[in-house]
2 protein chains.
Amino acid sequence: MFGLDNIIDLFIDNLKKLFFPEEWIELDMKFSKTEIFSILYLDKRKEITMTELVEYINVPMSTATGIVDRLVKKGYIARERSETDRRIVVLRLTEEGSRLIENLKDLIYKYLDMILADLTDEEKQFLARIALKIVHNLENRLEPKKAETQNKNQVKKIDIE
Amino acid sequence: MFGLDNIIDLFIDNLKKLFFPEEWIELDMKFSKTEIFSILYLDKRKEITMTELVEYINVPMSTATGIVDRLVKKGYIARERSETDRRIVVLRLTEEGSRLIENLKDLIYKYLDMILADLTDEEKQFLARIALKIVHNLENRLEPKKAETQNKNQVKKIDIE
DNA sequence: ATATAATATTACGGAAACCGAAATATTCGC
DNA sequence: GCGAATATTTCGGTTTCCGTAATATTATAT
């Protein structure tokens, strides 16, 4: 369509190089996939409950307990009871957890830097703009909650068959 | 440095949406990570030996045998002995395996298409060019084998401590 | 020709991370 | 106080990987 066809093949061929450089290995050893997602989600939300975590990473409650167990034992997240409702467990990153995220972002940043080394400044600028656009697109496309609720009581288009 | 700093945060926040859309789920259920890499590598190389596979996916031989066992049982790859050296096992994709790859590429293509929906044609063109550059950069950076072997018997730099 | 090396499979036992179901504990709201 | 909500614990089972060692088959070198 617009010349990305063959690029896809190229990217698939280089998938391994792209997503599994040496730098990732340590991370890969330290955490499972769900653990990484849990930490990242926690970093984003600052405070979440077990139920929220379960909804996000999409695992049974018993599994989530295990995941959190490990992360607590490793010292990356803190597990406290809510003051207002003592049934609820509140998760948050410890300082070590925050440091971990910082390091992770640093790693990603350096990795990107390496990958983008060949690009000119203009290309980088352009790429940054496009990346922003893509992320926004993603957000709208996969999470149109706000828009939905906003339009909820406005107009209801009815498809006619 | 060039405006990608905050973009990284944005991307991390959307990691899950980016890399684990609904479409991927079926794939995730059907294969382990190493299985996917094995199939993709096989598609790229057309024919490989167990040893080559092991070098690529970086697992013990006994594990690789298990991986291939599963993929053979599922009908995606064929396992034959080399005619010229009967110790060697030659792996190749079956027709069903090739179809699988085709579908996978199709999936990726559609997914990309969705993600890039917001971009103008010029932006897509530009992105294609940049992508090419990045991949080439990757190839040179992580696989300078040819250059190495060429220089092998030329000069040997000796580190002095 | 025989010993050695290379290639791969098989056979263990063991670990990590997950599933799902059921039992338990605490606490909240009514 | 009772039923619902929140989370943990327990338990048996599955998958996928690890690492070691034994075995089988074939190629190569002396």
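Naming convention: chains lettered A, B, ... in sequence-line order (proteins, then strands); numbering from 1 in each chain. Note that this is a predicted model, so its numbers are computed, not measured. All heavy atoms count here, side chains included; hydrogens, waters and symmetry mates do not.
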In whole angstroms, how far is the [atom2] atom of [N] from the [atom1] atom of [X]?
X       : N      : atom1 : atom2 : answer
B:Glu35 : D:dT15 : CD    : P     : 12 Å
B:Phe31 : D:dC17 : CZ    : P     : 13 Å
B:Lys30 : D:dT16 : NZ    : P     : 14 Å
B:Glu83 : D:dT26 : CD    : C1'   : 13 Å
A:Arg81 : D:dA5  : CZ    : C1'   : 12 Å
A:Arg79 : D:dT6  : CZ    : P     : 17 Å
B:Met61 : D:dT25 : CE    : C1'   : 13 Å
A:Asp69 : C:dA17 : CG    : C1'   : 13 Å

Notebook entry, point to check: Does the base of D:dT9 carry an N or O that pairs as donor and acceptor with the side chain of A:Thr65 under 3.5 Å?
Noted result: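 By the distance-only test, no, there is no pair.
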
Item checked: Closest-nucleotide ordering on DNA chain C, the 5'-leading residue of A:Ser82 and B:Asp85 ->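 Of the two residues, B:Asp85 wins.
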
Margin query: Return whichever of A:Lys33 or B:Glu52 has its heavy-atom-nearest nucleotide of DNA chain C closer to the 5' end.
Written below: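 Nearer the 5' end of the strand: B:Glu52.
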
Notebook entry, point to check: Is B:Arg87 near enough to D:dT28 that one of its side-chain N or O atoms lies under 4.0 angstrom from OP1 or OP2?
Noted result: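 So the side chain of B:Arg87 is outside the cut-off, no N or O lying under 4.0 Å from OP1 or OP2 of D:dT28.
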
Next item on the list: Using only side-chain N and O atoms of B:Arg70, determine if any of them is under 4.0 Å from OP1 or OP2 of D:dT14.
Entry: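 No.
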
Next item on the list: Can you see which heavy atom on B:Thr120 is nearest to which on B:Glu123, and at what distance?
Entry: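 Looking at all heavy atoms of both residues, the shortest contact is N-OE1, 2.8 Å.
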
Margin query: For B:Ala78 versus B:Thr94, what's the shortest heavy-atom pair and its separation?
Written below: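 Residues B:Ala78 and B:Thr94, closest heavy atoms: N-CG2, 3.7 Å.
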
If you only use heavy atoms from C-beta on, which nucleotide in [options] is closest to the side chain of [X]?
X       : options                : value
A:Ser62 : C:dT9, D:dT9, D:dT26   : D:dT9
A:Pro60 : D:dT8, C:dC19, D:dA27  : C:dC19
B:Ile67 : D:dC17, C:dG20, C:dA8  : D:dC17
A:Met50 : D:dT16, C:dC18, D:dA7  : D:dA7
B:Ile88 : D:dT8, C:dC19, C:dA8   : C:dA8
B:Thr51 : D:dA27, C:dT9, C:dA8   : C:dA8
A:Ser32 : C:dA17, C:dG20, D:dT16 : C:dA17
B:Thr63 : D:dT8, C:dT9, D:dC18   : D:dC18

Next item on the list: Go through the steps to decide whether A:Phe37 and A:Phe31 satisfy the test ring-ring contact (aromatic ring centres under 6.0 Å, His included), and finish with yes or no.
Entry: CA-CA 10 Å; A:Phe37 276 112; A:Phe31 304 104; over 10 Å; no

Margin query: Between the side chains of B:Lys30 and B:Glu35, is the shortest nitrogen-to-carboxylate-oxygen separation below 4.0 Å, so that they form an ion pair?
Written below: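 Result for this pair is no, no salt bridge flagged.
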
Next item on the list: Inspect the contact between A:Asp43 and A:Lys46 and indicate whether a charged nitrogen and a carboxylate oxygen are less than 4.0 angstrom apart.
Entry: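 Result for this pair is yes, salt bridge flagged.
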
Notebook entry, point to check: Any cation-pi pair here, B:Lys16 with A:Tyr56, using under 6.0 Å and within 45°?
Noted result: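 Yes, cation above the ring, under 6.0 Å and within 45°.
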
